[in-house]
Amino acid sequence: MRFSFAFGRQIIALVALLLLVPVAVTIFMLHTINKSEAAMLEAQKLKLQRVVEQLDAGLPAGGFDVLLAQRGVPEDTPVREKVAVLNSALRGVIERVKAQYPGVEAGFYSASLDRIIDGSPQSQAGENFSSRRRNNFLEVMRGREKTEVLGPAEGGILEVYQPLYRDGKIIGAVWATESLGHLAARRHAVLATAYAIIALGVLAGFGGALAVVHRFVQNVNQIKEGLKQLRYDLSRPLKPAAGELGEITAAVNELASLLLRTQQYTRVMLATIAEGLLVVDMEGQIMLANAAAVRLLGLPADWGGKNFREVLPVNTPFAELLRRALERREEVRDRLVACKGDGGEERQLLVSTALLFVEEQPIGAVLCVQDVTEQVRLQREMRRQERLASLGRLVAGVAHEIRNPLTAINCYLQLWQKSGRFPEKPLNTMREEIDRLDNLVEKLLCLAKPAEVKKVPYEVNQLVRDSLRFFEEVVGIKIETDLAPDLPRVPLDPEQMGRVLQNLFFNACEAMAEGGVLSARTYKAGDGRHAVIEVADTGCGIPSEHLKEIFEPFFTTKPQGTGLGLSLAKEVVEAHGGRIEVESELGKGTTMRVYLPLQEVGVSGEAHLGG
């Protein structure tokens, strides 16, 4: 522990030497530079102010007009000649000041002439100054002194302007300018000294740090090599190290031991789960696969560290489902996949995919596989038993429905035999009864044979519009629609689903014999996985005791009904993987809801798997 404290003090001392001391020296030197620069600039301003004061004192009391009058210059003399006379008259004053202060440019500004008088021999006809200086002169004419620095402090130009008063009035301005180039050399000398001091501090700290850093690097390399081995084998701990690094090494070894125990518990737990779990990272590398996943997906024994695209069978949809989850973030829930095992037996697998997130960032995906072969077989057997159980009710209904038309036909035939003539009305009745029998037989065939649907992506709203077109033209009731515009295409058989909707619309119209409102609505279900077609009426409603029987074959409350329409509708909807629900209240109306899955609920075709 004594070495640990010594090592920590050495690191702290090096940080202070390498960072704190140079930084402190740098701050001090920059402060000195800025302070000296401001002082030098202030000295230059005082110097130029003395220049303009001497120029002001050198101008006669009467100002520019007195000088012109003394030299006999008339009032109407051109400005060019007046400027030349004033330059000549004031040249001596300006040259004396410039000689006393070398490097300084100075002169006067006449407000009445709007010209600069700087003692130059050249005559100026137009403006002899820039618009910037004009603005400065205008500001000075308001009685304000003006100081301006052009460019950077080193290498720029300093300008001083002062109002020129005569007889209590401002007749112009006195100005002086000087280059600040000499400040740059002084500042560079100070900077060079500061940089030299900073460099010496860094070199001194660097030399003392080499020994400690060398020892530190050796320990770090030792830990780094140990971590590489620990990545593949948690049972190989890191070698002990000295000081704080030793404490870190001990903590890492303790964490590795904990991870090893957790990993063992996880493997045992996953081995007991019947559901297959395959976990991959964002690049597709397999991170985890339990025994059930190896068996159900047919993974090789050396799956560890490989990409799922390399090990999953190519004739199965599993690789594509994982790829969509990783690249498109498309997840599936409880998709039924038909497969074949090594022995050729048929398997039914329930497959789901999901993305894995850490702090809202995706880190991989998981494929869950559940063998539901026995459950599917039991469901099929239950449905077969249900069909057999309802066969008795079906036979009774068929006998009743067929006996009545046959009785009518037999009576008319006996009448024909006795009378020797057959009137037109009985003949039409016989034809109607025969058509009724034919329709009944057709519905019985549809009910007896499971619906075979040919699904295509189809617009649900268009299906509703097409099915309503007949009722809008023929039925004398009010029709209202509320169709969701954002519904995606749904896989369905448009011909069979069209018959289902027409049957629902027809039943709704029959329930409103005295008029009412037929409503058709489409929307996406709350689970986000189904499209809903809702058909509602304001008719007489269905008694609560009949709600559980309306989908049974031959159950009807209509005098001329067969009781097969809703049974066939339920068969078709269930063949699409959906369901149909009813909600009704006597005297207020009935609402039928058809739920259709937005995606296929199963995967057709066969796949060959291991295990």
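Note that the numbering runs from 1 along the sequence shown for the chain.
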Determine whether T177 and E159 satisfy the following criterion, side-chain contact (heavy atoms from CB on, under 4.5 Å), listing intermediate values before the conclusion.
CA-CA 4 Å; T177 67; E159 294 182 348; 3.2 Å; yes
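- Residue Y458 holds its OH atom at 8.0 Å from CG of L492, rounded to the nearest 0.5 Å.
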Where do E480 and S519 land on the side-chain contact (heavy atoms from CB on, under 4.5 Å) test, with the steps shown first?
CA-CA 5 Å; E480 296 179 350; S519 302; 4.0 Å; yes
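- Of the candidates L321, V366, L367, D334, D334 is the only one forming a side chain to side chain contact (heavy atoms under 4.5 Å, CB included) with S352.
- Cation-pi check for R521 over Y523 is met; the charged atom lies under 6.0 angstrom from the ring centroid and within 45 degrees of its normal.
- Taking V73 as the reference, L68, R71, T77, K82, V85 meet the side-chain contact (heavy atoms from CB on, under 4.5 Å) condition, with sequence neighbours excluded.
- The residue from L312, L288, V311 that alone fulfils the side chain to side chain contact (heavy atoms under 4.5 Å, CB included) condition with L278 is L312.
- Closest of all the heavy-atom pairs between G58 and V93 is O-CG2, 3.8 Å.
- For F108, the ring pair (Phe, Tyr, Trp, His ring centres under 6.0 Å) criterion is met by no residue, not counting sequence neighbours.
- Contact record, N290 with E275: ND2-O, 2.9 Å, taken as the closest heavy-atom pair.
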Could you list the donor-acceptor pairs under 3.5 angstrom formed between side-chain atoms of residues 481-489 and any protein atom two or more places apart in sequence or on another chain?
{"residue": "R489", "atom": "NH1", "partner": "P457", "partner atom": "O", "Å": "3.4"}

Test log, rule side-chain contact (heavy atoms from CB on, under 4.5 Å), inputs F137 and W175
CA-CA 9 Å; F137 287 138; W175 57 269; 4.0 Å; yes
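- In terms of modelled atom types and a separation under 3.5 Å, the side chain of E331 and the main chain of L355 share a donor-acceptor contact.
- A donor and an acceptor atom, one from each side chain of E139 and Y161, are nowhere located under 3.5 Å apart.
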Before you tell me yes or no, could you show the steps for Y101 and E178 under side-chain contact (heavy atoms from CB on, under 4.5 Å), namely the whole-Å CA-CA distance, both residues' side-chain angles and the distance that decides it to 0.1 Å?
CA-CA 10 Å; Y101 299 96; E178 184 180 16; over 6 Å; no
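- With sequence neighbours excluded, the residues forming a salt bridge (Lys or Arg N to Asp or Glu O under 4.0 Å) with R166 are D56, listed by chain and number.
- Shown here for G364 and L326, the closest heavy-atom pair between the two residues is C-CD2, 4.1 Å.
- The CD1 atom of I171 sits 5.0 Å away from atom CZ of F64, with the distance rounded to the nearest 0.5 Å.
- The environment of D167 atom CG is sparse: at most 12 non-hydrogen atoms of other residues, nucleotides or ligands sit within 6.0 angstrom.
- Using a 4.5 Å cut-off on side-chain heavy atoms (C-beta onward), D114 and Y109 make contact.
- Considering every non-hydrogen atom in both A106 and I94, the closest pair reads O-CG2, 3.8 Å.
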For residues 140-147, which side-chain donor-acceptor pairs fall under 3.5 Å, sequence neighbours excluded?
none

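- Remark: the backbone N or O of V332 is paired with a side-chain donor or acceptor of T353 at under 3.5 angstrom.
- Taking the side chain as every heavy atom from C-beta outward, V351 and C368 never approach each other to under 4.5 Å.
- Rounding to the nearest 0.5 Å places CD of E53 at 8.5 Å from CZ of R50.
- Between E320 and R335 there is no salt bridge, since none of the side-chain N atoms of the basic residue sits less than 4.0 Å from a carboxylate O of the acidic one.
- Note that CG of L299 and NZ of K306 are 10.5 Å apart. Values are rounded to the nearest 0.5 Å.
- By the side-chain contact (heavy atoms from CB on, under 4.5 Å) test, P60 is found to be paired with L67, residues two or more places apart in sequence or in another chain being considered.
- Rounded to the nearest 0.5 Å, atoms CD (Q285) and CH2 (W303) are 10.0 Å apart.
- With a 4.5 Å cut-off on side-chain heavy atoms, L113 and L86 count as touching.
- The CZ atom of R529 sits 10.0 Å away from atom CG of L598, with the distance rounded to the nearest 0.5 Å.
- A salt bridge links R323 with E327: the closest approach of a Lys/Arg side-chain nitrogen to an acidic carboxylate oxygen falls below 4.0 angstrom.
- Across every non-hydrogen atom of H530 and D527, the tightest pair is ND1-OD2, 2.9 Å.
- Taking both residues in full, the closest heavy atoms of R309 and N307 are given as N-OD1, 2.9 Å, listed atom of the first, atom of the second, then distance.
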